[in-house]
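Note sheet for the following structure.
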Number of protein chains: 2
Amino acid sequence: MKLEILPKSESLDIQKTIISKIGDLINYKNLEPGDKLPSERTLSEKFGVTRSNVRDAIQKLELYGLLYSIPQSGTFVANIGVTAMNGMIEDILRLEDPDFKTLVETRILLELKTVRLAALRRSDEDLEKIKSALDAYSKKVLKGEDAVQEDLLFHLAIAKASGNSTMNNFMLLITPKIITNFEKYHVCDKSLANQGIEEHMAIYNAIKNQNSKLAKQKMKEHFNVLYQYCYNIKMSS
Amino acid sequence: MKLEILPKSESLDIQKTIISKIGDLINYKNLEPGDKLPSERTLSEKFGVTRSNVRDAIQKLELYGLLYSIPQSGTFVANIGVTAMNGMIEDILRLEDPDFKTLVETRILLELKTVRLAALRRSDEDLEKIKSALDAYSKKVLKGEDAVQEDLLFHLAIAKASGNSTMNNFMLLITPKIITNFEKYHVCDKSLANQGIEEHMAIYNAIKNQNSKLAKQKMKEHFNVLYQYCYNIKMSS
DNA sequence: AGGTTAAAACTGGATAACCAATTTATAAAT
DNA sequence: ATTTATAAATTGGTTATCCAGTTTTAACCT
């Protein structure tokens, strides 16, 4: 039996290499906003990788707003100069994977804001949807069943009512990751569920009455008993 | 000359359609966490689309943590039940594109937090990088040149020093979009630049002295003169 | 020379063929 | 009948080919 060194997500490493080399190229050729990059074929040949790899790397840089592609024309550097380009590529390459702690920290930040905005901006339709999410949650809890999913949807309904699509998007991105971690650590059991109903209702009522300050306050309390608890468990393990 | 109805990002629409149909399928087949989806080939055939489209749709659902793929095995529903799955797919489909206003709103929220965390957690190395970003900014401004990029990098250095990779990632995602919008609207000219140096220095000093409260205060002031201004311009136009 | 046009080359994206690993089905052995 | 061994079929991922616009080049005409 031969001991082999595992590639360990080799594709991610070569993607980072390509991104780095694209950055070098932009520097070397002094490419400015609007200038065209070499074609995907040329880059794949020059870097000694497959064209798919190049495409994936470009796609990622597009996501961060550093490049943009025009279908049958080419890929161009976005409206960002070489200095910012260098710094951002550096940051992107060194960006570490999100861990549980930072996810929770970010979620709390976002939710304390979205609940406030939701209280200020919610339409009647928004309110109805929050209400139905709350009802579904309460119903499940009162039956003694697990209501993690309904809890999630209640919070997402608030994010939606905030009228801020960016925050809403971010909430959609991080919340599921938190939920799955929750279940993995078996941290938040159903013992707090009944308390959860009261807290959810308090939040809902504050939003209904458009009392933004109270809404934020109630959300804060909600997190105090729930997440602070999980937080500590996680830290001590 | 024939007037033709433009497809108008047809590929995005069919991706949404596919995502919706995948959701329906999960409902119809009562697929639970860990269950396997039909193969990409089967889905492409069943939906009458190309396999690439299916792959893209799956990739997006993976990004939001609803599915996960195992290389030569299949695609599986993540550790999220059908209720949450339905709600999230609904949200993802109805998610509207981020506009300038929500981007700024989110950036302010994030920066007021990251600057506070940076003051609390920054290492000496972090501080050095913030300092060098500040120096580069000041140098450019004093030469009377445009310093948008250096400004950007200063703020990103703070985000990095916050020690929260999730917030750092979000900052990387939204900041370039804001910058390009800025230049598009020609809103923040160089007249405020000298004031900008002072404000940046105040923020830096607060972080250096690990005075988190002051750091947040100074960042708030920084936004008051800069972004509040842009905000109003944007709204009245 | 300058401007016009057509054709060749190039581009990102779509499609199809292929691959290695996995899973399932089948056969063989006890 | 159960277990094991083996082969066939299936899987997501990779590579190669093709396509429809775009861009450049070159030829042509005035």
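Every chain is numbered from 1 and lettered A, B, ... according to where its sequence line falls, protein lines coming before strand lines.
Rounded to whole Å, the distance from CG on L43(B) to C1' on dT11(D) is 12 Å. Residue R55(A) contributes atom CZ, which lies 14 Å from atom P of dT15(D) at whole-angstrom precision. Taking atom CD of E45(A) as the reference point, atom C1' of dT15(D) lies 16 Å away to the nearest angstrom. When rounded to the nearest whole Å, the span between CD of Q59(A) and C1' of dG12(C) equals 13 Å. The interatomic distance linking Y68(B) (OH) with dG12(D) (C1') rounds to 14 Å, in whole Å.
No salt bridge links E150(A) with K143(A); every basic N to acidic carboxylate O contact stays at or beyond 4.0 Å. Under 4.0 Å is where a charged nitrogen must lie from a carboxylate oxygen, and between E105(A) and K101(A) no such pair does.
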Could you please spell out the steps behind the ring-ring contact (aromatic ring centres under 6.0 Å, His included) verdict for F154(B) and Y137(B)?
CA-CA 8 Å; F154(B) 175 76; Y137(B) 171 78; 7.1 Å; no
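No side-chain N or O of S162(B) forms a donor-acceptor pair with one of T114(B) less than 3.5 Å apart.
Using cut-offs of 30° and 60° on the angle between ring planes, the pair H222(A) and H200(A) is perpendicular.
Residue S73(A) has a polar side-chain atom (N or O) positioned under 4.0 Å from OP1 or OP2 of dT23(D).
In this structure the side chain of D97(A) never reaches within 4.5 angstrom of the side chain of S165(B), judged on heavy atoms.
M219(B) CE to I108(B) CD1: the interatomic distance, rounded to the nearest 0.5 Å, is 10.5 Å.
For residues 17-74 of chain B, the set of pairs meeting the ring-ring contact (aromatic ring centres under 6.0 Å, His included) definition, not counting sequence neighbours, comprises Y68(B)-F76(B).
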Write out a two-atom table: protein N or O, nucleotide N or O from nucleotides 15-21 of chain C, distance below 3.5 Å.
residue: dT15(C); atom: OP2; partner: T50(B); partner atom: OG1; Å: 3.4
residue: dC18(C); atom: N4; partner: R41(B); partner atom: NH2; Å: 3.3

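Taken residue by residue, residues 15-37 of chain B places no heavy atom nearer than 4.0 Å to DNA chain C.
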